[in-house]
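Worksheet for the structure shown next.
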Amino acid sequence: MRVILLALCLAACSPAPPVDAPSPEPSPEERPGPVDMRGEWRLTVMNGRPAPSTIDPDDAHHPIAMTVGDFSFRARSQCIAFWRTYERQGDRLVVTSANPGAMCARGLSDWEREFDRTLSAITTAGRRGETLTLTGPDASLTFERAPPQPPVDITGRWRLRFFHGAAPPAGEAPIEITIGDGRIEANACVFSGWRYRQDGPLMEVIPGQGAVCERMTSPFEDRFGAFMDGVTRATILEGGALILDSAATQVEFRKVG
C-alpha cells in the first residue's frame, strides 16, 4: 500500500509535459499563393541603388510611384507614364508593354530609362508587410506602401499650349477648355463637351456627341477632339501647367485668368 501511495504522489507532483504553443498564423502577405500586389506603392530601391526621394535640381531624378491593379502596373515619374499589363503563370509574372503614355517634352532621364527596362524584365513578386519586391533576371525593384493618390484638381479654364510637344498650327484659333465637376467644355462650337471621372491622377472620359455647329472642323480640331475622347490621365506640374495624356499623345495647357 505504501508503494502505491508513493507512486500516486509522484505522479501528482510531477510537472505536466510541455505543450507546444500553436504556431502563429502567417500574415496574408506570407501565406502560400499569389502575392497581393494591389494598391499604391513608391519606389525605394532599383537594382541595388536607393531611389531619390526628392526631385534632382538637374531634372535627372523624380520620385517614381506606381499603382498596381488586378492585371496592370501604372507607374509615373512626374508627367512620364510607364504602363504594363501582367498575367500570372503559376508563381511567374509575364509582363507586357501597354501603351505607356506620352513622354514629357524633356524626354526620359537615364534613371527613368533604367526603370522602364527593369519593369519590363520582372518575372516574380514578393511581399512582406508594407514592402513589395519585383524581381527578374538582372532586375530588382523594391517599393514601400504609399497613401492613395488624391484626385488632381483640374477645374478651371485652360488654354492649349502644346500638342504633343508642338505649338498649335499658325492661323488656328486658340483652343480653350473649361473643366468643372465631372464635365469638360471646349470654347470651339464644334465640340459638345465630355463627361469624365477621376481616380487619383487617372481619368475616364466619355466622348462628346461630336460637332454641334455647321462649319467644318479643321484637321487640328479633329486631332484635338480625338485626343480628348481618349484622355486617361491628368497631371499638374509644379509650374502650374495641366498635362493631359492619352495612350499616344500628350497635351499641355496653361490656366487662363
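Just so you know, these numbers come straight off a predicted model, no measurement behind them.
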* Asked: Salt-bridged, D116 to R113, with N to O below 4.0 Å?
  -> no
* Asked: Under the side-chain hydrogen bond (donor to acceptor under 3.5 Å, both in side chains) criterion, do E252 and Q250 qualify, and how do the steps go?
  -> CA-CA 7 Å; E252 178 180 330; Q250 184 177 90; over 6 Å; no
* To do: First locate atom CD1 of I177, then atom CZ of F224, and finally report the distance between them rounded to the nearest 0.5 Å.
  => 5.5 Å
* Could you tell me whether the side chain of I154 reaches within less than 4.5 Å of the side chain of Y196, counting heavy atoms only? => yes
* To do: Applying side chain to side chain contact (heavy atoms under 4.5 Å, CB included), name anything that partners R88, two or more places apart in sequence or on another chain.
  => P34, M37, Y86, L93
* Structure fact -> Output for pair (L132 CG, D36 CG), nearest 0.5 Å, gives 9.5 Å
* Indicate yes or no for a side-chain donor-acceptor contact from D153 to the backbone of I236 under 3.5 Å, with no hydrogens or angles considered. => no
* Structure fact -> By side chain to side chain contact (heavy atoms under 4.5 Å, CB included), A51 pairs with (sequence neighbours left out) L43, W111
* Partner residues of T118 under the side chain to side chain contact (heavy atoms under 4.5 Å, CB included) criterion, sequence neighbours left out -> M46, N47, E114, A139, L141
* **Pairing residues for F220 by the ring pair (Phe, Tyr, Trp, His ring centres under 6.0 Å) criterion, not counting sequence neighbours** => F163
* To do: Side-chain contact test, heavy atoms from C-beta onward, threshold under 4.5 Å: evaluate it for D229 versus V205 and give yes or no.
  => no
* Is a side-chain N or O of R254 found less than 3.5 angstrom from the main chain of R161, in a donor-acceptor match? -> no
* Asked: For R157, which residues count as a side chain to side chain donor-acceptor pair (under 3.5 Å) partner, sequence neighbours excluded?
  -> E176
* To do: State plainly whether one hydrophobic cluster holds both F143 and V45, where clusters connect Ile, Leu, Val, Met, Phe, Trp and Tyr through side-chain heavy atoms under 4.5 angstrom apart.
  => no
* **Residues forming a salt bridge (charged side-chain N to carboxylate O under 4.0 Å, His left out) with R223, sequence neighbours excluded** => none
* What are the two closest heavy atoms between A125 and L134, and how far apart are they? -> CB-CD2, 3.6 Å
* Under 3.5 Å donor-acceptor, R76 side chain and R74 backbone -> yes
* Asked: Do S246 side-chain atoms and M228 backbone N/O form a donor-acceptor pair below 3.5 Å?
  -> no
* Any chance you could measure I122, atom CD1, to R84, atom CZ, to the nearest 0.5 Å? => 10.5 Å
* Those residues that, when tested against F253, pass ring pair (Phe, Tyr, Trp, His ring centres under 6.0 Å) (two or more places apart) -> none
* Looking at side-chain heavy atoms only, is the closest gap between L160 and P168 below 4.5 Å? -> yes
* Asked: Shared ILVMFWY cluster between V231 and F162, side chains joined below 4.5 angstrom?
  -> no
* Among pairs that include at least one residue of residues 142-151, which meet salt bridge (Lys or Arg N to Asp or Glu O under 4.0 Å), considering only residues two or more places apart or in two chains? -> R42-E144, E130-R145
* Structure fact -> Sorted by chain and residue number, the side chain to side chain donor-acceptor pair (under 3.5 Å) partners of D138 (sequence neighbours excluded) come out as none
* Which atom of I64 lies closest to which atom of S77, heavy atoms considered -> CG1-CB, 3.8 Å
* Can you tell me how far the CG atom of D245 sits from the OG1 atom of T235, to the nearest 0.5 Å? -> 6.0 Å
* Asked: Got a sec, which residues hit side chain to side chain donor-acceptor pair (under 3.5 Å) with E172, two or more places apart in sequence or on another chain?
  -> S218
* Does E204 have any side chain to side chain donor-acceptor pair (under 3.5 Å) partners at least two apart in sequence or in another chain, and if so, which? -> R197
* Asked: Can you tell me how far CG of L119 sits from CZ of F82, rounded to the nearest 0.5 angstrom?
  -> 8.5 Å
* To do: Name all residues meeting the side chain to side chain contact (heavy atoms under 4.5 Å, CB included) criterion together with T123; count only those two or more places apart in sequence or in a different chain, and write none if there are none.
  => R92, P137
* T44-T142 side chain donor-acceptor pair, cut-off 3.5 Å -> no
* Structure fact -> Of all heavy-atom pairs linking A75 and F115, the shortest is CB-CE2, 3.6 Å
* Nearest 0.5 Å please: distance from the CG atom of L108 over to the CD atom of Q78. => 11.0 Å
